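Since the structure comes first, as structure tokens, the remarks are kept for the end.
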Amino acid sequence: MYLRNHWYVAARTEEVGRGLLRRLILNEPVLLYRTKAGEAVAMEDRCCHRSVPLSIGKLVDDNVQCGYHGLVFDRDGRCVFMPGQDKIPAAAKVKAYPLIERWGMIWLWMGEGKGDPALMPDFGIVDRPGWAALGDRVHLKANYLLGIDNILDLSHLSYVHERTIGTVDVARTAVRTTREGDMVKVTRWMMDVPPPPMFAKFGLTGNIDRWQIVTAAPPCYLWLEVGGAKTGTGAAEGNRSEGIERWNLNCITPETDKSAHMFWTEVRNFQVDDAAAGEMLKSQMVLTLQEDADVLEVQQRTMDEMPDAPTIDITFDAGSIQFRRAVKRLLEEQANSAREKALA
Amino acid sequence: MYLRNHWYVAARTEEVGRGLLRRLILNEPVLLYRTKAGEAVAMEDRCCHRSVPLSIGKLVDDNVQCGYHGLVFDRDGRCVFMPGQDKIPAAAKVKAYPLIERWGMIWLWMGEGKGDPALMPDFGIVDRPGWAALGDRVHLKANYLLGIDNILDLSHLSYVHERTIGTVDVARTAVRTTREGDMVKVTRWMMDVPPPPMFAKFGLTGNIDRWQIVTAAPPCYLWLEVGGAKTGTGAAEGNRSEGIERWNLNCITPETDKSAHMFWTEVRNFQVDDAAAGEMLKSQMVLTLQEDADVLEVQQRTMDEMPDAPTIDITFDAGSIQFRRAVKRLLEEQANSAREKALA
Amino acid sequence: MYLRNHWYVAARTEEVGRGLLRRLILNEPVLLYRTKAGEAVAMEDRCCHRSVPLSIGKLVDDNVQCGYHGLVFDRDGRCVFMPGQDKIPAAAKVKAYPLIERWGMIWLWMGEGKGDPALMPDFGIVDRPGWAALGDRVHLKANYLLGIDNILDLSHLSYVHERTIGTVDVARTAVRTTREGDMVKVTRWMMDVPPPPMFAKFGLTGNIDRWQIVTAAPPCYLWLEVGGAKTGTGAAEGNRSEGIERWNLNCITPETDKSAHMFWTEVRNFQVDDAAAGEMLKSQMVLTLQEDADVLEVQQRTMDEMPDAPTIDITFDAGSIQFRRAVKRLLEEQANSAREKALA
Ligand code: FES
Ligand code: FES
Ligand code: FES
């Protein structure tokens, strides 16, 4: 059960070209490719004739031809050629997914109708002038909610990432958890502390005020702001101009019930034109997120092996608990609305 | 659920010798070996004592000795030696399968009683004087019916075998589908067309009349005739003497519900004494059938992942639809007859 | 369903140190390590917070810290540190297992309460002065009862170990099966026979009286005495002083329902100070037990594939049948007692 009437990232822009890419999204096999003009196309990756994946076929101009008996489908999923017969039945079609390519990612509407662009999350900071962006995809062998839990409780930085980016200050500092509608925000301010090595490297010397602010919105969007500014310059009161900032934007798209695609984009307002710094930051992120992926994989496996084992909550779980509550409520609304439609 | 009162190919003659060969046939583990005199034997590959496969034991003359506690079974599956005791209980036996070795293949009766040789399909063309035969086994990771569908609709040649033997004419040409009892026949004539490369190579020049005639009989027998003759020599009217012919005989034996053994034999009336041509034709077949096996594997996997996804039929499916209908009816008859016996 | 109020071997002494060892015991994930003082500790290998295995965390002195959010548990499984909060709820604990380290092995109490040391099996011969001991662990891909069957019927030596230690005399000689409470004893005397190669090598020449005596006690303890003495010296009447003896002590601990840890220890009263002889005997045992493990693996697999296939019993099964009957009765008693407690 997933929230359907939402935009989910299915791929990064650079992953899709004139080849045929198969990807599971919310348990559905999706075929992704580009037209000759470069427009991205997404459709069901299962031929409606005898269930062979279209991705083992081939592109014929902007259409895809099934590799078994040669049916050809256009970018809207309509069958436009059927060997040996002229009349093509109307049922000869596969599902096409409404698609928007924006912010370096390909977003699919997984719900009813054509999809409302206004429902996309605001990842506009990716395009903000004067900031630099980079990103990648990480495969999680865990339910997407475990991935969201992970980011909503950054105290894990001190343990999972001990060897890379963690500092002990994070787990020591209390957070404030707030809600606005279905959004959950977890805010942590570490005042007058030494800068972590990465910040020091990029010019912050002396004690700083550090912040980590995670905002999560259903179904699976996350905005993580981290930054630091010289103590006394008023960052906590709203003046971040004396500091440096990184934003990590995330869409953790369910692949199956026990795996997910984590599409992350990181933007920063420092060393913006320094390609080497960008490379370094990206490889650090890849390493860090793989550490998370490794933990989430054994977590999922253990939960599968012992589904009824009891668990306890700790203070830092407040954000995750509220987020899961919001998702649960939205899923119930979705089920109710489906029921009402069925009765109407 | 399989049709039981039939002969199924379990192995090719050259696969079985003085070693112990285990093979699953209709989900049953079967042990195959030869006596010293060279006669093939087939019995349940599960010791009736503690369920160890007999195939990990060894041959003692014409009998097989279990590798765990040493029980010895004769070729009829009767226990003839039991360590530490003289009296052997009557229940100490494993199932032996009625077996006929013919046409280079070992056929097992998978039904009740001793098996009626008259129920074997007629693969006699394998022995026809002046023709040459060759064959092999292909493992399909798909239900046997998907393998039969594949052959009953040869339009796939134009797509699956595009890189090997396919020509576009096949999918362009309509077929005639007929039934005779439980047998289904699909006939395709391509009149006055250029010969495919393979036929040209073996001496057909100028335009030809080509034929492809598939006959299928439950449970899993297929006769595929393909050939070509100079246009105007009357092949379609019955005179094939000016042409060249290949027959492909097939028994696609279910292994499990999702895999099968495809035993194919190909006979031809050209280049009969040319060993190099035979080698070439065989390696071409191996390559071609592996292309089919690859498609069938992803087809089966997709059907398993999405068992309820809707499909449509096309004109070329007529043969396959009629064949499946015949199998279904025969399975119902088999179930009814079992029910009647249970009541009697 | 396992017998709970018993001591099960979880590891050999040398397997556990200052690292974190995860092992499944009776389907439960167990974490094993040693304190700085060298005491072995066993606890549930699942963090009570969010189900990550503690074995991916690290030791902090004598405690273990979860690798995800940093909770720290002491050797009794109590949470003693929780990042970001001072008050630790009482529910924050994982199960600690009562543990006794004895005879070179680590034994866990898998039942209720603290475990009664008096319920340990008597493996005291391991420490007997003048005898030498060696041992190892073998992983069985089979239910533990199949492992016990294997030892209770040594007639398999003649077949499974034909290439290593088997002689034909074993399967030829009848056994006597007796019971004492829940213990089952299978006794075999081979009188006035040539010594097997291994005994000859260690000084027994001329014909001997050989014995093999297996004692099995629920849940999974086995004592196997084998030996031989010059014929006529009265071994069968109780005087073994003229012979040589090996004892094989075994605890075959269930890992999952379809796998087990076989912890074996072998003691001998000959070549006691001969390290090379010990090496030779150990590598012979490792080889021999792997032959058993290979048979048990295909046996388990076949039983899984054909759970309802009928089996027959032979004379040599008497010991195994009685042992399984005892286990069944004890399991029923255990279930009844749980039911009574639930009602009380
Ligand atoms: S399965 Fe695609 S055309 Fe037949
Ligand atoms: S399992 Fe075959 S003889 Fe025991
Ligand atoms: S899972 Fe162990 S501390 Fe959170």
Side-chain angles (χ1 to χ4, degrees), chain B residues 2 20-31 43-60 63-73 77-97 110 254-259, chain C residues 142-143 145-164 166-177 186 188 190 212 291-321 324:
Chain B
Y2 297 105
L20 297 174
L21 177 67
R22 175 187 177 85
R23 188 157 280 170
L24 281 187
I25 304 293
L26 276 59
N27 285 316
E28 297 176 15
V30 175
L31 170 71
M43 64 177 75
E44 188 182 353
D45 189 25
R46 186 191 66 89
C47 182
C48 62
H49 175 223
R50 284 292 178 266
S51 292
V52 164
L54 291 174
S55 53
I56 68 158
K58 64 174 181 184
L59 284 183
V60 176
N63 299 330
V64 59
Q65 181 164 40
C66 180
Y68 198 175
H69 310 97
L71 267 62
V72 175
F73 299 89
R78 272 187 306 252
C79 180
V80 293
F81 173 72
M82 205 170 252
Q85 70 192 84
D86 293 330
K87 208 177 138 7
I88 298 175
K93 60 177 196 306
V94 299
K95 177 176 179 181
Y97 293 88
M110 299 303 289
E255 179 188 46
T256 67
D257 295 352
K258 293 177 181 177
S259 61
Chain C
N143 183 274
L145 288 171
L146 295 182
I148 294 171
D149 290 346
N150 177 268
I151 296 179
L152 274 169
D153 177 6
L154 290 181
S155 76
H156 80 271
L157 293 184
S158 305
Y159 305 102
V160 177
H161 309 303
E162 195 180 31
R163 281 174 301 270
T164 52
T167 63
V168 78
D169 287 327
V170 181
R172 273 192 195 144
T173 309
V175 297
R176 198 158 54 91
T177 303
V186 178
R188 173 185 278 113
M190 292 160 274
Q212 293 172 335
E291 288 176 330
D292 286 314
D294 290 346
V295 169
L296 300 183
E297 179 177 350
V298 291
Q299 184 186 22
Q300 177 72 55
R301 200 189 306 141
T302 306
M303 293 172 71
D304 290 344
E305 285 166 2
M306 310 184 72
D308 303 321
T311 56
I312 57 152
D313 297 327
I314 64 175
T315 303
F316 284 136
D317 293 323
S320 152
I321 290 170
R324 283 171 175 258

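A quick note: this is a predicted structure, and the numbers were derived from the prediction, not measured. So you know, we letter chains A, B, ... as the sequences are listed, proteins then strands, and number each from 1.
- Side chains of C:Ile312 and B:Met82 form a contact here, defined as non-hydrogen atoms less than 4.5 Å apart.
- Qualifying salt bridge (charged side-chain N to carboxylate O under 4.0 Å, His left out) partners for C:Asp313, counting only residues two or more places apart in sequence or in other chains: B:Arg50.
- When C:Gln300, C:Met306, C:Met303 are compared by the number of non-hydrogen pairs under 4.5 Å with chain B, C:Met306 comes out ahead.
- Annotation for B:Ser51 and C:Thr311: closest pair OG-CG2, 3.8 Å, computed over non-hydrogen atoms.
- Most heavy-atom pairs under 4.5 Å with chain C, from the set B:Lys87, B:Glu44, B:His49, B:Gln65: that is B:His49.
- The CD atom of B:Gln85 sits 6.0 Å away from the CD1 atom of C:Ile314 when rounded to the nearest 0.5 Å.
- Counting heavy atoms from C-beta outward, C:Phe316 and B:His69 have side chains that stay 4.5 Å or more apart.
- Nearest approach of B:Gly67 to C:Val160, heavy atoms of both residues: O-CG2, 3.3 Å.
- Within the 4.5 angstrom heavy-atom criterion, only side-chain atoms of B:Lys58, from C-beta onward, approach chain C.
- Contact detail for B:Cys66 and C:Tyr159: the closest heavy-atom pair is O-CB, 4.4 Å.
- Residue contact with chain C, scored on non-hydrogen atoms closer than 4.5 Å, is absent for B:Glu28.
- Proximity to chain B (any heavy atom under 4.5 Å) is shown, for C:Ala174, by neither the backbone nor the side chain.
- The minimum heavy-atom distance between C:Leu146 and B:Tyr68, with the atom names listed, is O-OH, 4.3 Å.
- With a 4.5 angstrom heavy-atom cutoff, C:Glu305 touches chain B only via side-chain atoms.
- Contact annotation for C:Leu296: only side-chain heavy atoms (C-beta onward) come within less than 4.5 Å of a heavy atom of chain B.
- In this structure, chain C has a heavy atom under 4.5 Å from the side chain of B:Leu71, while its backbone stays farther away.
- When side chains are defined from C-beta on, B:Ile56 does not count as touching C:Asp294, because their heavy atoms never get closer than 4.5 Å.
- Interface remark: C:Asp317 contributes side-chain atoms only to the contact with chain B (heavy atom separation under 4.5 Å).
- Between C:Pro310 and B:Arg46, the closest side-chain pair of non-hydrogen atoms falls below 4.5 Å.
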